[in-house]
Q: 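The structure's right below; bear with me while I get my questions together.
In this chain, numbering begins with 1 at the start of the sequence shown.
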Amino acid sequence: NQITNSGIILDYWILPMLDIYTILGDSDGEMDSNVNTFGSTQPLGFNFTGTSYAAGATLVMGYKQAILILDYNYMELDTDVYEEDIPVSNSTVRLGWNISENSNIGEIKWLPNVTWVSYINTDFEGTFDLKQIVGQGVDPDTVPPGAEVVLLSFEVEKYDTWALGAQWSLNKNLQLISEIGFDTVKGVTLALNYRWE
């Protein structure tokens, strides 16, 4: 699978250590699979696009320069190839280090203010049927009247991955955040944050 997500996050710190947020985004992706039937392998590939909606909470704790961040969010993907929304939940543990608190290292301009290692667990909560996708391998003239054609029924197991992240403070209100996944999920996350005071 290859998925590109872009979106807007709005958040509010209800406590000094607790942040709640919501996400409205757009998703584009492609899926390539092989279906084994009666000893033969048939390739199956398709593209999809849709919108995503999510809500989550982040708990931040620190001791001296060490930072522990716990995050949970629940998302629903509304795509054009699934009959129903796809529910996805993510649980993340980040262990970080506040570089800016070290006066010697913090004076190096290009270094981030905070770095961290992330452990991310993702859960697709259900079994989904890919219905007839006209123009992507199914001829509607071959389908008997009233029949329901299921191209592929599958369930995605829980999976986890690791990532490295960093945050740069560009000015008092603007922050740049980057995170790179390098294990089960290989990808790059970039975010530009603006904080109102």
Q: Listed by chain and number, what are the side chain to side chain donor-acceptor pair (under 3.5 Å) partners of Ser91, not counting sequence neighbours?
A: none

Q: Going by salt bridge (charged side-chain N to carboxylate O under 4.0 Å, His left out), name the pairs with one or both residues in residues 47-56, residues two or more places apart or in two chains.
A: none

Q: Under the side-chain contact (heavy atoms from CB on, under 4.5 Å) rule, collect the residues that match up with Thr22, sequence neighbours excluded.
A: Leu10

Q: Under the rule for side chain to side chain donor-acceptor pair (under 3.5 Å), what residues qualify as partners of Thr49, not counting sequence neighbours?
A: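 By the side chain to side chain donor-acceptor pair (under 3.5 Å) rule, Thr49 matches Asp28.
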
Q: Which heavy atom in Asp26 sits nearest to a heavy atom in Ser52, and how many Å separate them?
A: N-OG, 4.1 Å

Q: Could you give me the CA-CA distance, side-chain angles and deciding distance for Asp11 and Arg195, then say whether side-chain contact (heavy atoms from CB on, under 4.5 Å) is met?
A: CA-CA 10 Å; Asp11 72 319; Arg195 296 289 181 188; 2.7 Å; yes

Q: When rounded to the nearest 0.5 angstrom, what is the spacing between CG in Asp183 and CD1 in Ile120?
A: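 It comes to 10.0 Å.
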
Q: CD1 of Ile3 to OG1 of Thr79: how many Å apart, nearest 0.5 Å?
A: 9.5 Å

Q: Is Trp116 isolated, or which residues cluster with it under the ILVMFWY side-chain rule of less than 4.5 Å, directly or via members?
A: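 In the cluster with Trp116 are Trp13, Val60, Ile67, Ile69, Val114, Ile177.
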
Q: Would you mind listing the cluster partners of Leu176? Hydrophobic ones only (ILVMFWY), side-chain contacts under 4.5 Å, chaining allowed.
A: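 Cluster partners of Leu176: Trp168, Leu170, Leu174, Leu192, Tyr194, Trp196.
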
Q: Hey, does Val93 have a side-chain heavy atom less than 4.5 Å from the side chain of Leu68?
A: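 Yes - at least one pair of side-chain heavy atoms lies under 4.5 Å apart.
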
Q: Holding to side chain to side chain donor-acceptor pair (under 3.5 Å), I want the full list of residues that pass it with Ser27, two or more places apart in sequence or in another chain.
A: Asn5

Q: Among residues at least two apart in sequence or on other chains, which ones pass side-chain contact (heavy atoms from CB on, under 4.5 Å) with Ile14?
A: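 side-chain contact (heavy atoms from CB on, under 4.5 Å) check on Ile14 returns Tyr12, Leu18, Ile20.
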
Q: Met75 and Ile9: same hydrophobic cluster, using ILVMFWY side-chain contacts below 4.5 Å?
A: no

Q: Same hydrophobic cluster for Phe182 and Val117, using side-chain heavy-atom links shorter than 4.5 Å among ILVMFWY?
A: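 Yes, it is one cluster - the side chains of Phe182 and Val117 are joined through contacts under 4.5 Å.
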
Q: Please enumerate all residues that pass ring-ring contact (aromatic ring centres under 6.0 Å, His included) together with Tyr119, with sequence neighbours excluded.
A: Trp162

Q: Minimum heavy-atom separation for Asn47 to Glu30, with atom names?
A: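 Reported closest heavy-atom pair: OD1-CB, 3.2 Å.
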
Q: So which heavy atom on Pro87 is nearest to which on Asp85, and how close?
A: CD-O, 3.4 Å

Q: Using modelled atom types and a 3.5 Å cut-off, is there a donor and acceptor pairing between side-chain atoms of Asn73 and backbone atoms of Ala54?
A: no

Q: Does atom CD of Gln65 have more than 12 heavy-atom neighbours, drawn from other residues, nucleotides or ligands, at distances under 6.0 Å?
A: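 Result for CD/Gln65: enclosed.
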
Q: Quick check: closest heavy atoms across Thr92 and Ser118, and the distance to 0.1 Å?
A: CG2-CB, 4.3 Å

Q: Scan side-chain atoms only and decide if Tyr159 and Thr161 contain a donor-acceptor pair under the 3.5 Å cut-off.
A: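 No.
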
Q: So which pairs with a foot in residues 86-97 pass salt bridge (charged side-chain N to carboxylate O under 4.0 Å, His left out), sequence neighbours left out?
A: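 Residue pairs with at least one partner in residues 86-97: Arg94-Glu179.
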
Q: Can you pull out every salt bridge (charged side-chain N to carboxylate O under 4.0 Å, His left out) where at least one residue sits in residues 61-72? Sequence neighbours excluded, please.
A: none

Q: Rounded to the nearest 0.5 Å, what separates atom CG in Leu190 from atom CD1 in Ile180?
A: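 Reported value, rounded in 0.5 Å steps: 8.5 Å.
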
Q: List in chain and number order the residues that pass side-chain contact (heavy atoms from CB on, under 4.5 Å) with Lys158, two or more places apart in sequence or in another chain; answer none if no residue qualifies.
A: Asn121, Asp123

Q: Closest heavy-atom contact between Ser89 and Tyr72?
A: CB-OH, 3.5 Å

